[in-house]
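Below you'll find the structure, written out as structure tokens, and then a few comments.
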There are 2 protein chains.
Amino acid sequence: MDRLFQALADATRRDIVARVLVAEYSVSGLAEQYDMSFAAVQKHVAVLERASLVSKEKRGREQIVRGEVDGVQRARRLLDDYERIWRQRVDRIEDILGEDEDRT
Amino acid sequence: MDRLFQALADATRRDIVARVLVAEYSVSGLAEQYDMSFAAVQKHVAVLERASLVSKEKRGREQIVRGEVDGVQRARRLLDDYERIWRQRVDRIEDILGEDEDRT
DNA sequence: CGTTTCTACAACCATGTGGTTGTACGTTAC
DNA sequence: GTAACGTACAACCACATGGTTGTAGAAACG
């Protein structure tokens with residue numbers, strides 16, 4: 001989870017994720033999209049790969065990057081849990097208020 | 001967004017978020033829960049506050065920390081977008097396969 | 001073959017992060 | 001008033017991060 005959210009905590013990396021979820025890119029193809037060195041983009045891809053947000057597949061001399069929706073879903077599920085926890089508290093509070101109304 | 005995901009990229013901070021979504025805690029009340037200094041917990045709370053994941057309210061000499069679900073939702077919505085993007089790609093691929101099936 | 005392309009990785013630098021301790025200040029309790 | 005409590009903040013440290021350049025290997029092209 002740490003690595004997952006850490007990977008998402010960078011605008012360039014979030015953009016890479018959005019791109020490779022739509023279409024396949026080679027690492028150099030991605031590097032062309034950004035105003036930074038190839039090595040920098042390569043590092044970003046490595047961070048995303050360690051977080052299971054993308055996967056790489058060797059194709060000839062290129063490395064094809066694909067988006068992995070599983071990682072996205074793992075993160076989303078945690079946030080869903082948080083929202084669920086929050087709603088349960090709200091419901092509990094409303095229950096208490098409801099009981100008060102019954103009595104008044 | 002950077003600050004949001006950055007804030008979530010730490011297990012202690014995620015635990016704090018989960019706690020304060022359920023119930024209110026003072027900063028020192030939170031600090032008791034963890035095996036680290038008060039100042040460290042205080043910093044974590046500050047990070048969460050800057051990310052709009054919690055809010056603080058002064059009550060006497062204590063500072064009450066509450067969970068803010070809006071921040072959670074902002075993050076979740078982005079991940080929802082990613083999943084939607086991914087599903088559209090899958091649908092597109094299935095459409096292409098469907099067309100093939102029509103022709104064969 | 002040699003050259004170009006794509007990739008990987010190391011070394012380096014500036015800055016940020018997660019932790020510590022220490023100090024200071026407002027609030028509560030005695 | 002004084003002591004204890006809760007908080008804030010600065011200074012410091014070790015380490016991670018995001019960027020750079022440089023070097024080197026594997027695959028494609030002439």
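The chains referred to below are lettered A, B, ... by the order of the sequence lines, with proteins before strands, and numbering in each begins at 1.
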Rounded to whole Å, please give me the gap between CZ in B/Arg50 and C1' in D/dA8. 14 Å
Looking across every strand, which nucleic acid part, if any, lies under 4.0 Å from A/Thr12 by heavy atom: base, sugar-phosphate, or nothing? nothing
pair B/Tyr34-B/Ile16: side-chain heavy atoms closer than 4.5 Å: yes
Given C/dT21, D/dG6, D/dG19, the nucleotide with the shortest approach to the side chain of B/Glu62: D/dG6
Flag the pair A/Arg19 and A/Asp15 as a salt bridge only when some basic side-chain nitrogen lies within less than 4.0 angstrom of an acidic carboxylate oxygen. yes
Scan B/Ala46 against the nucleic acid and name what it touches under 4.0 Å (heavy atoms): base, sugar-phosphate only, or nothing. nothing
How far does CG of B/Leu78 sit from CG of A/Leu8, to the nearest 0.5 angstrom? 7.5 Å
So does A/Arg3 have more than 12 non-hydrogen atoms from other groups sitting under 6.0 Å from CZ? no
Between the side chains of B/Ser52 and B/Glu68, does any donor sit under 3.5 Å from an acceptor? no
In this structure, which one of B/Arg50, B/Met1, B/Arg13 forms a side chain to side chain contact (heavy atoms under 4.5 Å, CB included) with B/Gln6? B/Arg13
Want to settle it: does A/Glu32 or B/Asp10 sit nearer the 5' end of DNA chain C, counting the closest nucleotide to each? A/Glu32
Output yes when at least one side-chain N/O atom of B/Gln42 is less than 4.0 Å from OP1 or OP2 of D/dC9, else no. no
Phosphate OP1/OP2 of C/dA8 contacted by A/Lys56 side-chain N/O (<4.0 Å): yes
Heavy atoms under 4.0 Å, any strand shown: does A/Ser37 hit a base, just sugar-phosphate, or nothing? base
Between D/dG6 atom C1' and B/Gln33 atom CD, what is the distance in whole Å? 16 Å
In whole angstroms, the gap separating C1' of C/dT5 from CZ of A/Phe38 amounts to 10 Å
Close N/O contacts between protein and nucleotides 23-30 of chain C (under 3.5 Å):
unit_1	atom_1	unit_2	atom_2	d
C/dT27	O2	B/Arg61	NH1	3.4

Between A/Val65 and A/Val27 the two heavy atoms that sit nearest each other are CG2-CG2, 3.9 Å
Starting from P on D/dA8, measure out to CG on B/Leu30 and report it in whole angstrom. 12 Å
Within this structure, what is the OH-to-C1' distance between A/Tyr34 and D/dG18, rounded to whole angstrom? 15 Å
Between C/dC6, C/dG19, D/dT20, which nucleotide gets closest to the side-chain atoms of A/Ser28? C/dC6
May I ask you to say whether B/Asp80 pairs ionically with B/Arg76, meaning some side-chain N is under 4.0 Å from a carboxylate O? yes
What nucleotide, of C/dA8, D/dA8, C/dT20, holds the atom closest to the side chain of B/Ala39? C/dT20
Which nucleotide, C/dT20, D/dT7, C/dT7, lies nearest any side-chain atom of B/Ser26? D/dT7
Quick one: A/Glu49 CD to C/dA8 P, roughly how many Å, whole number? 8 Å
How many Å lie between CG on A/Asp2 and C1' on C/dT17, as a whole number? 13 Å
Write down the distance between CZ (B/Arg14) and P (C/dG18), rounded to a whole number of angstrom. 12 Å
Among the candidates C/dT17, D/dG19, C/dG19, find the nucleotide nearest to the side-chain atoms of B/Lys43. C/dG19
